[in-house]
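Before any comments, here is the structure.
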Amino acid sequence: MHDITARAMMIPSSTRSPNFAKHARWYPTIYELRRGAKKRLPHFAFEYGDGGAGDDTGIKRNWSAFDAIEMVPRYGVMPELPPIGIELFGRKYSAPLGVAPMGSPIVVWPGADKLLAAAAQRARVPYTLGVAGGATIEEIAKIAPDVMWLQLYRFAKNNHAIGFDLIRRADEAGVHVLMLTLDVPVRTVRSREVKVGMGGGGTFKPDWRMVMGMAKCPGWAVAFMQNTLPRFANIQPYAGPGAGLNDTIKFARKEMGGAFSWDEVKRYRDRWKRPMIVKGILHPGDAEKAVSIGVDGILVSNHGGRQIEALPAPIDCLPAVVRVVGGKAKVLYDSGIRSGTDVARALALGASAALAGKAFLWGLGALGSDGPGHVVDLMMDELQSALGQVGAHSPDEARDVMVRHPGAYDFSRNVL
Ligand SMILES: Cc1cc2nc3c(=O)[nH]c(=O)nc-3n(C[C@H](O)[C@H](O)[C@H](O)COP(=O)(O)O)c2cc1C
């Protein structure tokens with residue numbers, strides 16, 4: 001463990017992926033990666049990763065809330081680009097950005113969890129393995145020993161036997177940060193997922209449309225042949241000897257569910273001795289509660305618009321959460337990040353770091369195994385440029401930037 005911590009404090013001088021220039025010619029922004037992913041992926045894979053709840057209104061709101069935020073630059077203060085490295089929960093990272101947890105990113109690109117973890121390790125930015133993901137804690141700990149975080153859903157049966165065993169495994173594997181997801185109290189319908197046959201959390205039964213889609217995308221088909229589809233890889237050991245893919249899916253769906261209560265969060269807090277984050281906070285009252293339980297971090301998020309579409313854009317809730325937390329915990333951000341400039345906006349509104357989900361899937365879709373690294377490179381460059389443009393000498397200094405934020409929530413009133 002000491003070894004791992006010591007290594008984690010060292011950031012390599014260049015984290016840039018070797019093919020950056022080649023890819024930047026065709027994909028100079030993350031917006032372009034999304035267009036590329038749509039063209040290159042089997043239809044079902046793109047729809048699964050890209051779609052949100054209802055009619056995608058929540059996703060659109062997340063994006064337009066970011067677009068509405070303006071930062072007023074100060075000039076004459078920035079002779080060269082600023083450094084963007086940070087220290088977070090006692091570790092050094094090359095930038096205040098990272099990979100949000102995802103269950104089944106392997107549907108978008110087979111082998112995705114491992115590719116995302118490897119890119120994050122190379123760049124020295126946080127990687128969060130989704131507990132419902134396609135690789136095990138132990139596998140990812142080998143690939144991303146310096147940057148690995150673990151997200152957990154609620155496995156409450158038998159007095160949290162599976163949940164507690166998962167965090168025991170995480171501890172043994174050297175996972176640095178535990179993240180409990182609070183914002184999935186219910187299952188919601190994502191129509192684009194349902195329409196391509198991926199909805200309802202059911203077992204995996206590819207229909208002829210999916211097979212045709214795979215056949216039309218050689219890169220995806222090769223990745224599929226090189227990787228199995230181990231959905232819920234972390235849960236397989238609990239599903240009984242010889243449990244196949246669909247047995248494990250059924251078992252996981254039965255065991256996993258509901259959102260953590262605050263009492264349960266407290267129990268995890270008491271057991272997990274390293275930094276712990278709660279994910280999905282939007283209301284400052286919930287942030288206060290989490291701080292009172294002793295969490296180290298609060299991730300302001302609306303699950304990227306994948307839960308009901310009436311939720312606010314989290315970026316509009318961020319300043320109120322930051323105010324109430326008042327430095328007693330780190331406030332992190334996700335939902336709607338499509339550029340390093342968006343990361344700069346989140347920092348300007350008080351976040352210590354921002355994570356992205358879909359942006360990384362678009363990278364995978366457009367560029368396959370090179371995609372996650374390209375997304376990190378683009379975000380790092382754009383963040384550095386954005387800070388340079390507005391005159392912030394470091395990620396911390398972004399908070400001093402003058403911001404116009406028309407959508408900011410005022411929690412002192414029930415109706416705005
Ligand atoms: C395909 C997909 C699967 C996801 N699965 C999980 C999950 O298993 N657990 C979780 O806490 N969040 C999950 N999320 C939400 C992300 O962690 C994150 O909150 C969201 O993607 C951020 O918004 P963005 O996609 O706009 O960046 C998932 C997101 C996507 C796109």
Side-chain angles (χ1 to χ4, degrees), residues 30-31 33-34 37 41 44-53 56 58-67 97-109 112-113 116 126-135 149-155 166 177-185 187-188 190 192-193 196 198-199 201 231-235 252-253 256-257 259-260 277-282 298-307 309 311 313-315 332-340 342-343 346 351 353-365 372 375 379:
I30 289 165
Y31 307 97
L33 286 170
R34 179 168 184 248
L41 279 175
F44 75 88
F46 182 75
E47 292 298 279
Y48 171 78
D50 191 69
D56 286 355
I59 294 182
K60 287 176 210 143
R61 184 180 301 116
N62 287 351
W63 293 349
S64 57
F66 265 107
D67 292 342
L97 55 92
V99 185
M102 287 177 275
S104 305
I106 45 171
V107 172
V108 177
W109 191 266
D113 307 81
L116 291 165
Y127 167 73
T128 321
L129 173 67
V131 72
W149 300 3
L150 174 72
Q151 173 267 336
L152 197 65
Y153 276 132
R154 181 170 174 270
F155 292 85
L166 284 161
V177 176
L178 177 67
M179 180 187 287
L180 303 187
T181 297
L182 265 57
D183 65 359
V184 187
R187 263 185 185 291
T188 52
R190 298 181 199 120
R192 288 168 61 193
E193 199 176 292
V196 293
M198 298 293 307
R231 288 183 81 190
F232 296 108
N234 283 304
I235 311 308
R253 294 289 179 205
M256 192 174 80
F260 291 100
I277 298 176
V278 285
K279 173 172 189 275
I281 300 295
L282 293 170
I298 295 197
L299 176 49
V300 174
S301 164
N302 69 3
H303 219 93
R306 289 168 74 85
Q307 290 301 104
E309 55 193 342
L311 304 183
I315 197 69
L332 310 185
Y333 182 84
D334 83 29
S335 296
I337 297 278
R338 290 172 298 163
S339 65
D342 286 343
V343 175
L355 308 182
K358 287 189 282 293
F360 285 100
L361 300 182
W362 301 329
L364 282 164
V375 174
M379 278 201 196

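Just follow the structure's listing: the first ligand is 1, and inside any ligand the first atom is 1.
In this pair, Y333 and F66 present their aromatic rings perpendicular. The plane angle is above 60°, beyond the 30 to 60° band.
The shortest distance between side-chain heavy atoms of Q307 and R187 does not fall below 4.5 Å.
Backbone and side-chain nitrogen or oxygen atoms of G357 are examined, and one is located within less than 3.5 angstrom of a nitrogen or oxygen of ligand 1. Annotation: W63 places no N or O atom under 3.5 Å from an N or O atom of ligand 1; distance criterion only.
Residues meeting the ring-ring contact (aromatic ring centres under 6.0 Å, His included) test with F46, sequence neighbours left out: none.
With a heavy-atom cut-off of 4.0 Å, R306 touches ligand 1 through its side chain alone. For M102, heavy-atom contacts with ligand 1 shorter than 4.0 Å involve the backbone as well as the side chain. Contacts with ligand 1 closer than 4.0 Å are made by no heavy atom of V184, backbone or side chain.
In this structure, atom 6 (C) of ligand 1 lies nearest to the protein heavy atom P101 O, 3.4 Å. Distance from atom 9 (N) of ligand 1 to its nearest protein heavy atom, with residue and atom name: Y153 OH, 2.8 Å. With hydrogens left out, the protein atom closest to atom 12 (N) of ligand 1 is K279 NZ, 2.9 Å, a heavy atom. Atom 22 (C) of ligand 1 has D334 OD1, 3.4 Å as its closest protein atom, hydrogens excluded (heavy atom only). Protein heavy atom at the shortest distance from atom 26 (O) of ligand 1 is G336 N, 2.8 Å.
Considering L332, D334, L182 as possible partners of K279, the one that fulfils the side-chain contact (heavy atoms from CB on, under 4.5 Å) test is D334.
In this structure, G103 is part of the shell of residues with a heavy atom less than 4.0 angstrom from ligand 1. Every heavy atom of D183 sits 4.0 Å or more from the atoms of ligand 1. The shortest separation from a heavy atom of P105 to ligand 1 is not under 4.0 Å, leaving the residue out of contact. Heavy-atom separations between S301 and ligand 1 include at least one value shorter than 4.0 Å.
Side chains of T128 and Q151: no donor on one and acceptor on the other come within 3.5 Å.
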